[in-house]
Amino acid sequence: MKKLLALVITIFLVATLFISCKYNDDIYQDNNFSENDQSVDEGNTDLQVDISNLKSYDGQLLIYPTKIKEIPERPTNPELLPLADPMHWYDIRFPGWVQDKINIPSSPSDGAKGKKIYVIVTSEHPYWTAVGIGAKKVADAYGIDFRMLNPNGDIAKQNQLIDYAMKDGADMIILATIDKKEAVSQAIRINGEGIPLILFNTLPESEALKYCLSWTGPDDWENFRMLARSMADELDKEGGVCYLRHTPVGGSPYYARNWAPITELREYAPDIKTLDSKDCDFDYDISKEIVIKWIDEYGEELRGIVCSDDSIQAIGAIDACKETGRNDIVIVASGNGKNGMDAVKKGDLFAITYQSAEADGALPIKVAADWFNGKKINDIYYLSSNIITEENVDKYMPAQW
């Protein structure tokens with residue numbers, strides 16, 4: 001009887017130990033499930049903050065949990081591949097994923113409350129106003145001393161603002177670089193002062209990412225791959241397409257919003273032909289004139305136009321099509337400001353990408369707060385994305401900017 005009792009007790013203890021270990025493993029996995037964990041922090045009392053219900057002006061969650069992106073193996077010499085091969089753009093599309101960090105400061109692990117964080121953006125634009133609104137919502141939740149500076153598109157002025165922030169005792173700088181090459185020297189300078197740096201919004205040269213804690217922003221390449229597929233389906237995967245490009249200064253949007261759809265269509269809809277691609281300097285008259293010339297040159301062969309923004313470029317393209325009686329041309333664009341949203345609702349624009357400006361500002365502040373509290377952070381965080389059409393546009397109304 002005693003032996004039987006001892007056996008029962010032993011089985012019970014082993015089972016209990018197994019359940020306990022399994023429970024602890026589950027907790028470990030949950031704590032590492034999402035790189036954008038919004039749960040209430042267990043460490044510093046000033047970070048007992050839950051921002052999971054914060055919303056942007058359009059009613060969407062301010063920050064959605066992000067997913068880790070699967071990265072293909074890098075080709076030996078991607079630059080030698082044809083331009084229409086998506087792997088040619090590997091180093092621009094996936095910068096930072098294979099970089100070793102240099103001289104990265106350790107977190108003080110004392111919380112974000114009271115920390116002086118400078119957010120330096122690129123230009124005067126309604127989008128950046130919305131970025132600041134989103135950043136401040138999260139900063140206020142964590143008690144961060146938030147300060148936003150704007151160089152109005154002047155790279156020399158941006159460098160002056162970086163110097164000012166460093167001299168003013170910034171605990172962290174969050175920077176959207178105007179020029180992807182200049183970003184390298186900017187990051188090295190900030191890093192050399194021992195100031196933690198987060199880069200956001202536009203992707204810099206890979207070298208710059210060695211000197212920052214993390215990068216956050218939109219996945220332009222994936223967004224425009226989705227946009228291209230949406231347009232291809234509407235075109236029954238045939239016809240000719242032209243592209244209005246982003247400005248060369250700034251880097252990543254210039255390449256992503258042109259070559260992401262071109263390379264995606266090559267694989268997804270090989271019968272769709274790239275007819276032309278031109279810069280228009282975000283000018284309404286130039287955009288309109290280019291599209292009118294395309295319509296005259298390519299005639300019925302032109303069936304689709306991809307715009308790098310949903311305001312000036314898209315409006316120019318829409319008006320050109322209306323004036324020439326070509327309302328059959330499918331126009332898509334990066335989004336999603338008020339002009340673009342209204343155009344989608346009217347049926348003038350077929351589709352735009354969803355890119356939350358408020359989330360673009362909120363996400364790096366959240367990553368900064370996690371870092372100040374000693375949490376492990378990832379090298380790269382992408383904003384959530386979607387494609388907006390006439391069917392779902394009301395869900396994202398009113399527009400943030």
Side-chain angles (χ1 to χ4, degrees), residues 35-36 66-105 119-122 155 158-159 162 172-225 245-260 262-264 308 355 360 363-364 367-368 371 376-383 385:
E35 68 274 33
N36 191 28
T66 57
K67 296 179 179 179
I68 296 176
K69 191 179 184 70
E70 292 185 9
I71 307 301
E73 184 177 352
R74 183 183 185 275
T76 304
N77 295 299
E79 70 280 0
L80 299 181
L81 296 172
L83 295 179
D85 188 324
M87 299 304 281
H88 172 92
W89 305 99
Y90 187 95
D91 291 337
I92 295 176
R93 185 176 172 187
F94 303 115
W97 289 100
V98 293
Q99 300 296 316
D100 295 325
K101 298 291 187 178
I102 296 175
N103 193 37
I104 299 299
V119 175
I120 303 175
V121 297
T122 65
I155 189 65
Q158 188 174 63
N159 284 326
I162 290 172
M172 178 180 286
I173 292 175
I174 297 176
L175 174 66
T177 61
I178 292 176
D179 183 85
K180 71 188 190 79
K181 293 182 178 179
E182 182 69 17
V184 178
S185 61
Q186 291 174 330
I188 291 174
R189 195 161 83 252
I190 295 168
N191 178 275
E193 293 295 321
I195 299 172
L197 168 67
I198 292 176
L199 296 172
F200 83 115
N201 181 260
T202 55
L203 278 167
E205 294 279 357
S206 293
E207 185 72 13
L209 296 171
K210 293 181 179 180
Y211 300 92
C212 70
L213 301 176
S214 182
W215 179 89
T216 73
D219 188 351
D220 254 353
W221 287 90
E222 181 58 33
N223 289 345
F224 267 75
R225 289 175 65 214
R245 293 193 292 251
H246 201 279
T247 56
V249 176
S252 56
Y254 180 78
Y255 298 104
R257 298 179 188 184
N258 187 69
W259 288 104
I262 288 175
T263 56
E264 182 67 14
S308 289
Q355 179 176 318
D360 206 357
L363 184 54
V367 175
W371 183 81
K376 183 182 182 300
I377 62 172
N378 288 343
D379 292 339
I380 291 181
Y381 295 82
Y382 285 122
L383 299 175
S385 59

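- When atom types are taken as modelled, the side chain of T202 and the backbone of A176 share no donor-acceptor pair closer than 3.5 angstrom.
- Summarising the geometry of A368 relative to M172, their closest heavy-atom pair is CB-SD, 3.4 Å, with the distance given to 0.1 Å.
- None of L363, D360, L175 except one satisfies the side chain to side chain contact (heavy atoms under 4.5 Å, CB included) rule with N201; the exception is D360.
- Residue A208 comes nearest to A187 through the heavy atom pair O-CB, 3.7 Å, listed as atom of the first residue, atom of the second, then distance.
- Not a single donor-acceptor pair under 3.5 Å links the side chain of R225 to the backbone N or O of E264.
- For the pair N191 (side chain) and I102 (backbone), a donor-acceptor distance under 3.5 Å is present.
- No donor-acceptor pair closer than 3.5 Å links the side chain of E207 to the backbone N or O of K181.
- For the ring pair (Phe, Tyr, Trp, His ring centres under 6.0 Å) criterion with W89, the lone passing option out of Y255, F94, F224 is Y255.
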Walk me through whether R74 and D91 qualify under side-chain contact (heavy atoms from CB on, under 4.5 Å). CA-CA 8 Å; R74 183 183 185 275; D91 291 337; 2.9 Å; yes
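- Judged by distance alone, the side chain of K376 and the main-chain N or O of W371 form no donor-acceptor pair under 3.5 Å.
- Panel note: side chain Y90, backbone P72; a donor-acceptor pair is recorded below 3.5 Å.
- For the residue pair I155 and D179, the shortest heavy atom distance occurs at CD1-N, 4.3 Å.
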